[in-house]
Amino acid sequence: GVLYFIALVMTTNKRQTTAAKSVKSGIIAGLNKGHKTTPRAAKLSRKARLGIAKPKLRAVKAVIGELCGLTPLEKRVTEMLRVGKEKRALKFINKRLGNITAAKKKRAKVEEALRQAATKKK
């Protein structure tokens, strides 16, 4: 019960991974006391699987993005990045989205779009 809960560590991408546990020695006392067991990977929980993007949804979003172009938020961020206001752009996206992790991802996406546009022009 409690030991299993301690062994699970939530990572930044909200997937459950087992922490590095010490190998049991098979001896009754000491730091690594306990019965020798083979470590097994924990199954992904239902909640952790919710965050994983489905391939079909990813493809649909990509097609819609290509057809419609940039959103008004992305257009505004593009202008900020062209001027060289990276931090201001991040703060702006963070205020709109309400999450710094999502804001960083969005800024990276817009920066990548700018890079691709620059390579297409050449």
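Since the structure is predicted, the reported quantities are computational estimates derived from the model, not experimental observations.
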Nearest-0.5 Å distance, CD of residue Glu74 to CD1 of residue Ile93:
8.5 Å
Can you check whether Thr78 reaches Leu70 side chain to side chain, under 4.5 Å on heavy atoms?
yes
CG (Leu31) with more than 12 external heavy atoms under 6.0 Å
no
So with a 6.0 Å cut-off around NZ of Lys54, is the heavy-atom count from everything else above 12?
yes
Any side-chain heavy-atom pair from Arg107 and Leu90 closer than 4.5 angstrom?
yes
Linking I/L/V/M/F/W/Y whenever any side-chain heavy atoms sit under 4.5 Å apart, do Phe92 and Val110 land together?
yes
Taking Lys109 first and then Glu112, would you say they form a salt bridge - that is, a charged N and a carboxylate O separated by under 4.0 Å?
no
Do the side chains of Lys85 and Glu79 get close enough for a salt bridge, i.e. N-O under 4.0 angstrom?
no
Looking at Arg46, I want to see if its CZ is surrounded by more than 12 non-hydrogen atoms of other residues, nucleotides or ligands under 6.0 Å.
no
Side chains of Ile52 and Leu44, heavy atoms from C-beta outward: is any pair under 4.5 Å?
yes
In Å, rounded to the nearest 0.5 Å, how long is the span from NZ of Lys61 to CD1 of Ile64?
9.0 Å
What about Leu97 and Leu81, same hydrophobic cluster or not, with Ile/Leu/Val/Met/Phe/Trp/Tyr joined at side-chain heavy-atom distances under 4.5 Å?
yes
Which is it for Arg96 and Arg76 under the side chain to side chain contact (heavy atoms under 4.5 Å, CB included) test, yes or no, and what are the steps along the way?
CA-CA 12 Å; Arg96 289 289 175 94; Arg76 194 159 164 191; 3.6 Å; yes
More than 12 non-hydrogen atoms from neighbouring residues, nucleotides or ligands closer than 6.0 Å to CG on Leu50, yes or no?
yes
Could you walk me through whether Thr101 and Lys104 pass side chain to side chain contact (heavy atoms under 4.5 Å, CB included), step by step?
CA-CA 5 Å; Thr101 311; Lys104 286 177 181 175; 6.0 Å; no
Verdict with reasoning, Leu73 to Lys106, per side chain to side chain contact (heavy atoms under 4.5 Å, CB included)
CA-CA 10 Å; Leu73 171 88; Lys106 180 66 80 175; 4.2 Å; yes
For the NZ atom of Lys95 and the NZ atom of Lys91, what is their distance to the nearest 0.5 Å?
10.5 Å
Count I, L, V, M, F, W, Y as connected when their side-chain heavy atoms are under 4.5 Å apart, and connections chain through other members. Are Leu114 and Val77 then in the same cluster?
yes
Side-chain donor or acceptor of Asn94 paired with backbone N/O of Ile100 under 3.5 Å
yes
